[in-house]
J.: 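One structure, pasted below without further comment.
Note on naming: letters A, B, ... go to the chains in the order of the sequence lines (proteins, then strands), and numbering restarts at 1 for each one.
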There are 2 protein chains.
Amino acid sequence: MGHTYEYARPALAVDVVVFALDDEDLQVMLIQRDLPPFAGQWALPGGFVRVAETLDAAAQRELREESGLEGIFLEQLYTFGDLARDPRERVVTVAYYALVNLAGHDVRAGTDAKNAAWFPVGELPDLAFDHCRIVDAALARLRGKVRYQPLGFELLPERFTLRQLQHLYEIVLGRPLDKRNFRKKVLGMGILKDTREIEKDVAHRAARLFRFDERAYERLKRRGFLFEL
Amino acid sequence: MGHTYEYARPALAVDVVVFALDDEDLQVMLIQRDLPPFAGQWALPGGFVRVAETLDAAAQRELREESGLEGIFLEQLYTFGDLARDPRERVVTVAYYALVNLAGHDVRAGTDAKNAAWFPVGELPDLAFDHCRIVDAALARLRGKVRYQPLGFELLPERFTLRQLQHLYEIVLGRPLDKRNFRKKVLGMGILKDTREIEKDVAHRAARLFRFDERAYERLKRRGFLFEL
DNA sequence: CCAAAAGTGTTAAAACTACACCCATGA
DNA sequence: TCATGGGTGTAGTTTTAACACTTTTGG
């Protein structure tokens with residue numbers, strides 16, 4: 001066995017930065033490595049791209065294998081190609097970022113990894129390879145993009161309160177927002193559908209539950225509407 | 001010679017979409033291929049990444065070798081990894097886009113290519129591989145980014161008139177802008193430096209020449225200023 | 001009845017849009 | 001003197017930002 005090429009080739013990998021929203025902060029999923037290099041250290045889920053597999057498929061597969069997550073929002077971020085990012089040999093990695101709502105999905109350790117866990121984005125441990133840079137890039141992308149595209153809903157359960165939505169934006173953008181102005185603006189867009197249901201089991205007045213109305217959003221977008229928050 | 005790996009690896013390439021501004025429209029630089037596959041067809045400048053070369057370096061090198069362009073704005077765009085994008089074998093390509101001002105640089109055909117030429121972005125010939133998709137992605141990125149980052153100046157000579165700047169935005173954004181409002185806004189940002197010079201050899205009143213004030217822009221950015229047009 | 005969050009309008013300031021004329025220059 | 005673009009201000013409208021109290025619910 002073995003594959004021979006005329007010129008040396010970099011290895012090609014994918015890595016995924018998975019974000020989720022806790023009550024308190026934005027979290028990133030990390031995997032504790034059980035193989036060298038960096039055995040025992042925390043790293044992003046990821047691995048090598050197979051020769052007959054698209055990049056998106058590789059990212060999805062690694063995510064599934066290492067964390068059990070499936071069917072979540074996944075988007076290509078940036079490709080990292082520094083010469084010494086992997087001590088073994090030249091590895092170029094196509095980084096992705098993903099958004100998931102913690103309520104709807106369980107994370108379990110997969111076959112390639114000892115352990116998977118969530119860490120607040122501000123308190124990450126030392127990461128293997130250049131994964132720290134990748135997380136920084138993903139965070140910058142999320143912060144920039146969340147204001148102009150309705151990504152935030154991916155971090156919430158299907159039905160959510162306006163308070164949850166505002167809280168999400170406050171955490172991602174890192175600054176407080178005015179409650180009345182926020183509600184006025186987001187309701188005025190016409191992309192939220194009132195489910196006519198309310199929260200349960202809360203120790204205060206229950207809030208209405210909304211759903212992101214994808215159809216309405218697509219319709220508005222075609223008419224030139226721009227999401228902006 | 002030959003390099004052997006345990007698992008088959010995709011080949012890794014870079015391709016560059018170079019934009020320049022003509023009086024009339026946005027142009028893209030293409031290379032006429034002299035080797036199969038797609039011999040004789042037009043394609044983006046690009047080629048394989050060497051094993052000891054970063055992605056940015058590979059993009060710069062290919063640009064220099066195939067078009068003679070050097071020292072211009074270059075930014076990673078997206079990585080394309082469809083299975084059949086190259087008929088020979090699996091090739092993943094990291095696409096870049098570049099901005100250049102036509103006045104300051106000559107384009108000449110390089111060693112790997114028969115011919116280099118500019119085409120208006122709306123009238124491109126059939127392109128090799130999936131290069132049409134790559135151009136579309138680059139154009140979308142340029143259109144989106146030019147409003148929020150001072151990229152446009154890369155397409156103009158170092159000293160330019162407000163008319164040239166407005167014209168650039170009209171072409172890239174594809175809609176007319178109001179002259180007075182445009183000037184008010186862009187001058188109000190404080191990122192243009194009046195060179196105290198004026199146009200030469202024009203058959204009408206000569207306009208003042210401005211320069212993009214990088215220092216002022218960086219200073220303002222640190223204080224939370226956001227470029228927006 | 002207390003704690004906690006839901007829900008709701010107004011006003012002032014700032015930003016945006018639309019719009020038209022005189023000026024300087026070279027041909 | 002004509003053609004071409006340079007340069008300039010205002011008014012109406014829209015958007016944004018700041019701000020506080022009453023209501024509902026469960027404990």
Side-chain angles (χ1 to χ4, degrees), chain A residues 21-24 103 146-148 156-157 159-171 173-211 220 223-229, chain B residues 21-24 103 146-148 156-157 159-171 173-211 220 223-229:
Chain A
L21 198 68
D22 186 309
D23 280 349
E24 277 312 294
V146 80
R147 300 193 47 205
Y148 305 107
L156 294 179
R159 294 171 307 161
F160 51 83
T161 66
L162 291 181
R163 162 148 195 81
Q164 286 177 290
L165 186 63
Q166 178 177 344
H167 188 59
L168 180 169
Y169 275 90
E170 289 179 331
I171 285 178
L173 299 179
R175 63 187 157 91
L177 300 172
D178 180 88
K179 181 164 65 159
R180 277 179 289 189
N181 293 336
F182 181 84
R183 296 162 92 93
K184 206 185 311 170
K185 184 152 188 179
V186 77
L187 286 175
M189 287 183 188
I191 58 173
L192 294 190
K193 191 175 197 163
D194 188 341
T195 63
R196 314 286 291 160
E197 295 166 275
I198 56 168
E199 283 181 296
K200 294 278 180 210
D201 304 319
V202 287
H204 53 78
R205 177 170 175 184
R208 302 165 100 158
L209 291 170
F210 292 86
R211 190 193 306 273
L220 287 165
R223 292 182 193 170
F225 163 81
L226 287 181
F227 179 88
E228 189 177 344
L229 245 168
Chain B
L21 198 68
D22 187 308
D23 280 350
E24 277 313 293
V146 80
R147 299 193 49 207
Y148 304 106
L156 294 178
R159 293 170 307 161
F160 50 85
T161 67
L162 291 181
R163 165 152 191 79
Q164 286 176 288
L165 187 62
Q166 178 177 345
H167 189 59
L168 180 169
Y169 275 91
E170 289 179 332
I171 285 178
L173 300 179
R175 62 187 158 93
L177 300 172
D178 180 87
K179 182 163 66 158
R180 279 179 290 191
N181 294 337
F182 181 83
R183 297 162 92 93
K184 205 185 312 171
K185 184 152 188 180
V186 77
L187 287 176
M189 287 184 188
I191 58 172
L192 294 189
K193 191 175 197 163
D194 187 341
T195 64
R196 314 286 290 158
E197 295 167 274
I198 56 169
E199 284 181 295
K200 295 278 182 210
D201 305 317
V202 287
H204 52 78
R205 176 170 175 184
R208 301 165 102 159
L209 292 170
F210 292 86
R211 189 192 306 273
L220 287 166
R223 292 182 193 171
F225 163 82
L226 286 182
F227 179 89
E228 188 176 345
L229 243 167

J.: What residues, two or more places apart in sequence or in another chain, satisfy side chain to side chain contact (heavy atoms under 4.5 Å, CB included) together with A:I198?
T.: A:A206

J.: Which nucleotide span of DNA chain C, 5' end to 3' end, has atoms closer than 4.0 Å to non-hydrogen atoms of chain A?
T.: C:dA4 to C:dT10

J.: With A:Y148, which residues qualify under ring-ring contact (aromatic ring centres under 6.0 Å, His included), at least two apart?
T.: B:Y148

J.: Go through the structure and list residues passing salt bridge (Lys or Arg N to Asp or Glu O under 4.0 Å) with B:R205, not counting sequence neighbours.
T.: none

J.: Can you name the residues that form a salt bridge (Lys or Arg N to Asp or Glu O under 4.0 Å) with B:E197, not counting sequence neighbours?
T.: B:R159

J.: Nearest heavy-atom pair of B:F227 and B:F225: which atoms, and what distance?
T.: N-CE2, 3.6 Å

J.: Pull out every residue in residues 182-192 of chain A that has a heavy atom closer than 4.0 Å to any atom of DNA chain C, ordered by number, or say none.
T.: A:R183, A:K184

J.: For B:R208, give me all partners under side-chain hydrogen bond (donor to acceptor under 3.5 Å, both in side chains), at least two apart in sequence or on another chain.
T.: B:D194

J.: Answer yes or no: is there a side-chain heavy-atom contact under 4.5 Å between B:M189 and B:L229?
T.: yes

J.: Apply side chain to side chain contact (heavy atoms under 4.5 Å, CB included) to B:K184 and list each qualifying residue two or more places apart in sequence or on a separate chain.
T.: B:N181

J.: Are A:F160 and A:L192 close enough that some pair of their side-chain heavy atoms sits under 4.5 Å apart?
T.: yes

J.: Using chain B heavy atoms and a threshold of under 4.0 Å, write down where along DNA chain D the contacts begin and end, 5' to 3'.
T.: D:dT4 to D:dT10

J.: I need the residues from residues 200-207 of chain B with at least one non-hydrogen atom less than 4.0 Å from DNA chain C; give them sorted by number, or say none.
T.: B:V202, B:A203, B:H204, B:R205

J.: Can you tell me how far CD of B:Q164 sits from CG of B:L156, rounded to the nearest 0.5 angstrom?
T.: 6.0 Å

J.: Under the side-chain hydrogen bond (donor to acceptor under 3.5 Å, both in side chains) test, which residues partner B:D22, sequence neighbours left out?
T.: none

J.: Mapping B:D178 and B:Q164 onto DNA chain D by nearest heavy atom, which one lands closer to the 5' end?
T.: B:Q164

J.: My understanding is that only residues two or more places apart in sequence, or in another chain, count here; which of them pass salt bridge (Lys or Arg N to Asp or Glu O under 4.0 Å) with B:R211?
T.: B:E158

